[in-house]
Amino acid sequence: MGAKTGDTTLRGTRLLESPLSNRGTAFTSEQRREFGLVGLLPPVIETLQEQVDRAYDAFLAYDKPINRHIYLRQLQDMNEVLFYRLVTQHLEEMLPVVYTPTVGEACQRFSEIYRRPRGLFVSYPDRDQLREVIANRPNREVDVIVVTDGQRILGLGDQGAGGMGIPIGKLGLYTAVGGIHPARTLPILLDVGTDNDKLLADPRYIGWRHRRVSGKEYDDFVDRFVEAVKAELPDVLLQWEDFATPHARPILARYRDQLLTFNDDIQGTAAVVAGALTSAAAVTGRSLREQRVVMLGAGSAAIGVADTIRAAMVAEGATDERAGRNFWVVDVHGLLVESRDDLSPEQRRYAREGKPVGLEELIEQISADVLIGLSTVGGAFTESVVRKMASKVDRPVIFPLSNPTSHSEASPADLAEWTGGRALIATGSPYPPLEIDGRQVPVAQSNNVYIFPAMGLAVTAARATRVTDNMLVAAAKALGTAAAKHGASGTLLPPIGTMREVAYEVALAAALAAVSDGVAPSANEDELRAALHATQWQPAYPD
């Protein structure tokens with residue numbers, strides 16, 4: 001769990017350079033003498049809260065989000081307790097800086113702003129010694145790994161080694177929101193090269209300067225990586241993040257029955273969208289299983305969202321066939337239809353009869369209750385499309401989910417204007433509140449942080465061996481319930497500031513589902529609650 005300052009063997013400057021043990025100016029006079037720190041620190045002795053207040057002032061002194069991001073990364077590398085106490089106290093303000101949208105720019109500039117190593121860079125040239133690479137991890141005991149190959153970072157495309165910013169940011173939220181001990185997290189970048197010509201030509205680029213490995217060589221490398229993880233850390237939760245569509249779903253399908261693993265882009269996104277849609281259904285007065293859903297985008301994330309909403313409809317009593325008839329999925333070539341020969345098996349589950357019409361023509365043909373965008377096409381929800389949809393239903397549910405904001409299918413302000421304030425909205429990136437009928441209405445951010453930290457907490461506390469579909473549906477339902485419990489009027493998800501409390505409730509639902517599915521040891525609700533409390537790390541200096 002990481003050494004406590006009271007029993008660490010580190011002394012002097014080595015202690016001050018250990019972010020898990022360093023207290024900085026909070027070391028007492030006795031501790032300074034005991035650990036050889038006299039003279040290495042200024043004489044003031046501060047409380048943790050005084051350190052947080054000073055760090056917050058320093059954070060505010062930076063005017064650009066990317067500079068605030070760099071400051072927080074440096075603080076994390078210096079003092080983890082202080083970093084996490086600061087972030088948890090100001091979660092709503094700092095979430096967009098620690099993660100999306102600022103993390104996108106941090107990934108693009110990763111080589112430029114790189115300061116010190118964190119996690120593991122698992123590079124293709126080291127493919128014959130991957131177990132040794134995993135064995136070099138900074139901490140022996142690990143509960144959660146987040147891994148990416150940097151090929152599809154948010155909506156920004158191939159960022160190569162710069163994609164490491166995503167696992168670092170995600171794991172920061174596993175701790176800040178879910179309470180996973182920071183010493184028990186491990187960010188990993190699978191460096192299989194990059195096809196980003198700008199990076200390859202950049203003399204500062206810190207990744208493997210090579211075109212991306214593909215085909216059998218890529219698959220074999222991923223398989224070697226998984227085997228090394230299974231050998232070194234057989235009980236770890238392995239989260240796949242920002243893999244390109246051709247790899248994301250095949251990787252999940254190949255390994256989900258071999259180890260404790262899930263793909264956040266496919267399954268985490270799906271669960272939080274299903275949770276927001278559950279809240280929307282309660283507002284509209286129509287059950288989830290009655291919702292008519294149009295999806296713009298047919299990649300792995302979009303199909304994952306459709307699959308989870310479909311499973312939630314089945315859980316409400318619909319047959320799988322009937323639930324499937326509630327979906328119309330549109331990609332760049334138009335509606336997925338049975339006559340198309342370019343569909344994957346997962347996409348073909350949603351193919352319909354007829355012609356591959358575009359989004360606007362489809363909206364004219366049907367009365368859609370829900371419009372979900374995972375297309376990465378900025379402005380794809382045009383005024384004419386939205387007005388047509390709003391003319392057919394009283395409370396149109398519209399989720400422009402693509403990140404970053406430049407790729408969002410529509411802005412919440414436009415959606416509110418085009419629907420006369422009737423739209424129920426959730427977005428992928430943060431937006432300011434809307435002014436509707438003279439009141440401020442928060443815009444729900446359909447952020448995966450509502451789900452993945454809770455899933456990490458659930459599987460760790462319950463000692464689960466797999467992540468099942470039922471666990472994700474249970475998490476989605478719990479999130480929808482939490483929205484009603486914690487949310488402000490007019491928003492579909494709980495306030496950002498309640499995320500840590502909500503994570504506990506979502507984790508409990510997922511843990512109960514794990515026990516019910518037989519992928520975790522038998523335990524009742526009280527036992528799981530106790531396990532969750534015991535697992536959640538608090539950012540405080542140990543006694």
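A quick note: this is a predicted structure, and the numbers were derived from the prediction, not measured.
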Discussion item. Between Asp517 and Arg466, does any side-chain N to carboxylate O distance fall below 4.0 Å?
Written reply: no
Worksheet item: What pairs of residues pass the ring pair (Phe, Tyr, Trp, His ring centres under 6.0 Å) test when at least one of them lies in residues 344-402, not counting sequence neighbours?
Response: Phe327-Tyr350
Item to complete: Determine, for Glu505 against Lys485, whether the closest basic-nitrogen to carboxylate-oxygen distance falls under 4.0 angstrom.
Response: yes
Fill in: Sidechain N-carboxylate O distance under 4.0 Å for Arg256, Asp469
yes
Response to the item:
Hits for salt bridge (Lys or Arg N to Asp or Glu O under 4.0 Å) against Glu346, two or more places apart or cross-chain, chain-then-number order -> none
Discussion item. Any salt bridge linking Asp394 with Arg422? Criterion: basic side-chain nitrogen under 4.0 Å from a carboxylate oxygen.
Written reply: no
Discussion item. Nearest 0.5 angstrom please: Arg152 CZ to Asp242 CG, how far?
Written reply: 5.0 Å
Practice prompt. Please test Arg209 against Asp191 for salt bridge (Lys or Arg N to Asp or Glu O under 4.0 Å), starting from the C-alpha separation and ending with a verdict.
Written response: CA-CA 10 Å; Arg209 203 176 298 272; Asp191 192 348; over 6 Å; no
Practice prompt. Count the heavy atoms belonging to other residues, nucleotides or ligands that lie under 6.0 Å from NZ of Lys392, then report whether that count exceeds 12.
Written response: yes
Worksheet item: Looking at CG of Leu120 and CG of Leu186, how far apart are the two atoms once the value is rounded to the nearest 0.5 Å?
Response: 4.5 Å
Item to complete: Given ring pair (Phe, Tyr, Trp, His ring centres under 6.0 Å), test His210 with Tyr124 step by step and report yes or no.
Response: CA-CA 10 Å; His210 195 282; Tyr124 187 77; 7.7 Å; no
Item to complete: Indicate whether any N or O donor in one side chain lies under 3.5 Å from an N or O acceptor in the other, for Glu241 and Thr148.
Response: no
Item to complete: Flag yes if more than 12 heavy atoms outside Arg352 fall under 6.0 Å of its CZ atom; otherwise flag no.
Response: yes
Discussion item. Whether Arg249 and Asp307 form a salt bridge (side-chain N of Lys/Arg under 4.0 Å from carboxylate O of Asp/Glu) is what I want to check.
Written reply: yes
Item to complete: Using only heavy-atom distances, determine whether the side chains of Asp149 and Tyr218 contain a donor-acceptor pair under 3.5 Å.
Response: yes
Response to the item:
The reported gap from CG in Leu288 to CE in Met313 (rounded to nearest 0.5 angstrom) is 5.0 Å
Item to complete: Might you confirm whether atom NZ of Lys388 has over 12 heavy atoms from other residues, nucleotides or ligands at distances under 6.0 Å?
Response: no
Worksheet item: Which class fits the ring pair Trp240 and Phe225: parallel under 30°, tilted 30 to 60°, perpendicular over 60°?
Response: perpendicular
Item to complete: Go through the steps for Met499 and Ile496 under the test side-chain contact (heavy atoms from CB on, under 4.5 Å), then give the verdict.
Response: CA-CA 5 Å; Met499 273 188 172; Ile496 298 295; 3.3 Å; yes
Discussion item. Test: ring pair (Phe, Tyr, Trp, His ring centres under 6.0 Å). Region: residues 405-426. Which pairs qualify, not counting sequence neighbours?
Written reply: none
Worksheet item: Roughly how far, to the nearest 0.5 Å, is the CD1 atom of Ile188 from the CD atom of Gln239?
Response: 12.0 Å
Worksheet item: Salt bridge check: are Arg224 and Glu227 linked by an N-O gap of less than 4.0 Å?
Response: no
Practice prompt. Check step by step if salt bridge (Lys or Arg N to Asp or Glu O under 4.0 Å) holds for Glu232 and Arg137.
Written response: CA-CA 10 Å; Glu232 286 288 320; Arg137 61 190 181 275; 3.0 Å; yes
